[in-house]
Number of protein chains: 2
Amino acid sequence: MKGHQVTIKDIAKMLHISPSTVSRALKDHPDINPQTKKNVQELAQKMNYKPNKVALSLLQQESKIIGVIIPEIIHHFFSTVISGIEKVANDAGYHIIICQSNESYLKEVENVQALLSSNIDGFIISMAKTTTRFEHFKNIEEVGVPIVFFDRACEEVKADKVIVDDFNGAFKATIHLIENGCKNLVHFAGPQNLTIGIERKRGFLTALKEKNQILHDYTIQYCDTFEHAQNLIPELLLKHPEIDGVFTVNDATAIGAMIAIKKLNKHIPSDIALAGFTNSFISFMTDPELTTVDQKGYEMGQNAAQLLLNRMQTYDDYDPVTTVLSTELIIRKSSVRK
Amino acid sequence: MKGHQVTIKDIAKMLHISPSTVSRALKDHPDINPQTKKNVQELAQKMNYKPNKVALSLLQQESKIIGVIIPEIIHHFFSTVISGIEKVANDAGYHIIICQSNESYLKEVENVQALLSSNIDGFIISMAKTTTRFEHFKNIEEVGVPIVFFDRACEEVKADKVIVDDFNGAFKATIHLIENGCKNLVHFAGPQNLTIGIERKRGFLTALKEKNQILHDYTIQYCDTFEHAQNLIPELLLKHPEIDGVFTVNDATAIGAMIAIKKLNKHIPSDIALAGFTNSFISFMTDPELTTVDQKGYEMGQNAAQLLLNRMQTYDDYDPVTTVLSTELIIRKSSVRK
DNA sequence: CAGTTTGTTGCAAACGTTTGAAACAATACT
DNA sequence: AGTATTGTTTCAAACGTTTGCAACAAACTG
C-alpha cells in the first residue's frame with residue numbers, strides 16, 4: 001500500500017499545533033517557544049521529515065534543477081561533460097535532469113518544451129547536428145530562463161557559451177602532422193552547420209596554407225562517424241594512394257579510419273599518420289595509441305555549470321560571455337615518425 | 001527581466017472568465033460552451049500555453065519522473081543502460097533524472113533522499129561498490145515508491161530486478177578459453193559484495209572444475225580497473241610465467257591487461273589469451289579485438305524501465321520479479337588460437 | 001405560474017510550504 | 001484600571017492546476 005512522505009501537516013496534527021508553527025520551528029525562527037521548537041525538531045527527526053521540493057518549487061518559482069540537453073549520452077565526451085556539470089551543480093545544491101536529442105531536431109524541441117514546463121532554473125545545451133531552426137531556444141529566452149551552450153553553440157540566441165579553441169586545436173594537430181612529413185593530408189570534416197565542424201576545418205586549412213601545402217579536390221571529406229570512416233578509407237586510398245595523413249573531426253572517426261587502414265596492411269604512422277580530436281579515453285587504448293586534441297570535457301562541464309549559476313544571479317540585461325577553453329595536442333604514436 | 005510561463009490564470013484574466021472554465025475548456029469538457037472553448041483554445045495556442053508540471057505534480061502526487069541512480073555515467077555500460085531506460089520512459093510520457101553515486105555509499109544515500117523529496121514516481125538503481133548498508137533503500141520502500149535494481153542488485157530489499165546471467169556468461173567465456181588451449185587461467189575478479197563479482201567468479205570456477213583444471217593460489221586476483229590491471233600484469237607474469245590466459249570481470253580491466261601484456265612483448269592470443277565482460281564499444285577497437293561477454297546494456301535499460309512502469313500500476317502487495325537476460329559470448333581475436 | 005431540466009460558469013478546497021499580518025494571553029508600565 | 005509591550009501562536013494568501021458542487025439563467029414541463 002502506497003504510504004507517503006511525512007509532511008509538516010502530519011507533524012502539526014500530531015503535536016496539535018499549526019503547520020506554520022512547525023515550519024518556523026524547523027527553521028529555528030526566534031518567535032517560537034524553545035520547548036515547542038524542541039518537540040517539533042525531535043519529532044521531525046524521528047519521523048525522517050524531508051521538505052517536499054515540489055511544493056517549494058511551486059511556491060518559490062525555482063526548482064533547483066538544471067536541465068541538460070545533449071545529443072547522446074553514450075558518447076564519452078558528453079558523459080564527461082555531464083560529470084563536470086553534476087559536480088558543480090551538486091555542490092551548489094542543484095540537481096540535473098538529462099535529456100537526449102539523439103541528434104534529432106524534433107526531439108530537441110520536445111525536450112525544451114518538457115523542461116520549460118517543469119520550472120527548470122536553467123539550461124545547459126549542446127545542439128543536435130540537425131538543428132537549423134531556433135524558435136525553441138527563443139522560447140526559453142522569452143520565459144526568462146538562462147541558457148548556457150557548450151561545444152555546439154547557437155549563435156542566433158543570446159546566451160553564454162563554453163567552447164574549446166577548435167580552430168587552434170585543429171591547427172596545431174595539422175602542423176604537427178605536416179612536420180612529421182605528411183605531404184598529402186586529408187581532413188575528415190564534420191557538418192558545416194555546427195561551429196565545431198567549421199572551426200576544425202578552418203584550423204586544418206589554415207595550417208595547410210601556412211605550410212604551403214597543396215589543396216586537392218579530395219582533401220576535404222565530409223565524414224564524422226566510425227562506420228563511415230571504415231567504409232570511406234578503402235575507396236579513398238584506392239583512388240588516391242598518395243594520401244599519407246588523416247586528421248579527423250573526432251576520435252571515433254579516427255579509430256574507424258585506423259582499423260580500415262590496418263586492414264589494408266598499411267602501417268600507421270609510417271605509411272599514413274593519423275590524428276583525431278577529443279582525447280576520449282579510448283584514444284590511449286588503441287594500437288598504435290592515437291594522437292588527438294584534448295577537448296577538456298570535464299572542465300567544459302564545470303565551466304558551463306558555473307557560468308549558469310552566475311547567470312542565474314544576475315540575469316537582467318546582461319552581456320553574454322563566451323568562455324574559450326584552450327585545447328591541448330596530445331601526441332601519441334599514431335603520428336610520430338622518427 | 002525574468003518573465004514567466006503563461007498560466008491558466010493569465011488566460012482566464014484576459015478572457016474575463018474563471019480559471020476553472022479555462023481548465024475545462026482546454027480539456028474539451030462537455031459542460032463548456034463551444035464558443036468559450038474555441039476562444040480559450042485559440043488564445044492558449046497563441047500564447048504557447050503549457051501546463052505547469054510542478055503544480056500538477058503537487059496536486060496529483062505524481063511527477064512523471066523516474067529517478068535513476070548509477071555509479072558513474074562515464075562508463076559506457078551505464079550510459080547504454082540509461083539510453084534504454086530513456087527510450088521506454090519517454091515513450092510512456094516520463095522523464096528521467098540521473099544521479100551518480102561515484103561508487104560512494106554516502107553520495108548514494110544523499111541522492112536517494114534528494115529524489116525522495118522530489119515526488120519521484122519510481123527508482124531505477126545500480127548500487128555503488130561500497131554500499132553495504134541498506135536503510136536508504138528501506139526508506140524508499142516505506143514511502144511506497146517502487147524500485148527496480150539492475151546489474152548490481154540489493155538482495156535485502158523487496159524490489160524487481162534486472163540482471164544478466166553473469167554466471168553463465170563467465171562460464172561460457174572460461175570454457176571457451178580452456179578449449180583454446182589455456183592451461184593456467186587467471187581470473188581478475190570484482191568486489192565480492194556485489195552479485196556480479198560473486199557470480200562471474202563462480203562461473204569461472206565452475207568452468208575450471210568442469211574441465212578439471214588445477215586451482216592455484218594465484219588463480220583468483222581481485223582487480224577490476226584499467227590502471228590496476230596495468231600494474232598487476234607485470235608482477236604477476238614475472239612470478240608466474242606459466243599463465244596463459246586471463247578472464248576479467250569487465251572490459252576496461254581486460255584492456256589494461258592487454259596493453260601491459262603487449263608491453264612485455266608477449267603475444268595475444270598465442271602466449272596469453274584474453275577475454276573480458278561487457279562488450280563495451282571499445283572492445284572491437286582494440287588490437288587484437290577483444291573477446292567478451294555481451295552484457296546487453298540497452299535491453300537491460302529497456303527491461304528495467306518497463307518493469308518499473310508495470311510496477312507503478314500494481315504496487316500493492318506484489319511478488320518481486322527478477323528478469324535474467326541471457327548473456328552472449330562474443331568471440332574475437334584476443335582468444336582464438338588456430 | 002410553479003417547478004424541473006438543461007446549459008454554462010464560478011466557487012472553494014486540495015496538494016505542501018512559506019510568510020506577513022492578525023490574534024491572543026501574559027506581563028510591564030503609567 | 002487602562003494601555004503598551006512582549007512572547008507565542010494561528011490565520012490566510014500565495015504558487016498553478018483540477019474537480020465536486022453550488023449557482024444562475026434560460027428553456028421547458030405540467
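Here is the naming used below: chain letters follow the sequence lines, and residue numbers restart at 1 for every chain. Computed from a predicted model, the values in this text were never measured in an experiment.
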Report task. Using whole Å, report how far CG of B/L15 lies from C1' of C/dG10. Result -> 15 Å
Query raised in the report: For the atom pair OH (B/Y94) and CG (B/D121), what is the distance rounded to the nearest 0.5 Å?
Result: 5.0 Å
Requested in this report: Look at A/E156 together with A/K138 and state whether they make a salt bridge at an N to O cut-off of under 4.0 Å.
Outcome: no
Report task. Inspect the contact between B/K129 and B/E72 and indicate whether a charged nitrogen and a carboxylate oxygen are less than 4.0 angstrom apart. Result -> no
Query raised in the report: If you round to the nearest 0.5 Å, how far is CD1 of A/I98 from CG of A/L115?
Result: 11.0 Å
Report summary line: With B for base contact, S for sugar-phosphate-only contact and - for none (protein heavy atoms under 4.0 Å), nucleotides 8-16 of chain D reads BBBB--BBB
**Report entry** Length of the line joining A/H29:NE2 and D/dG7:P, which is rounded to integer Å
**Finding:** 13 Å
Query raised in the report: For the atom pair CG (A/N111) and NE2 (A/H136), what is the distance rounded to the nearest 0.5 Å?
Result: 9.5 Å
Query - Spacing between B/K13 atom NZ and C/dG10 atom P, to the nearest angstrom - result: 14 Å
Query raised in the report: Counting heavy atoms not belonging to B/K158, are there more than 12 under 6.0 Å from its NZ?
Result: yes
Report task. Quantify the bending of the helix from C/dC1-D/dG30 to C/dT30-D/dA1 as the angle between its end axes, each fitted on five pairs, to 10°. Result -> 90°
Query - B/Q295 and B/D151 side chains, donor-acceptor separation under 3.5 Å - result: yes
Query raised in the report: Does one side chain, of B/E135 or B/N139, offer a donor that lies under 3.5 Å from an acceptor on the other?
Result: no
Query raised in the report: How close or far is atom C1' of D/dT18 from atom CG of B/D28, stated in whole angstroms?
Result: 16 Å
Query - Nucleotide D/dT19, atom P - distance to CG of B/L26 in whole Å - result: 13 Å
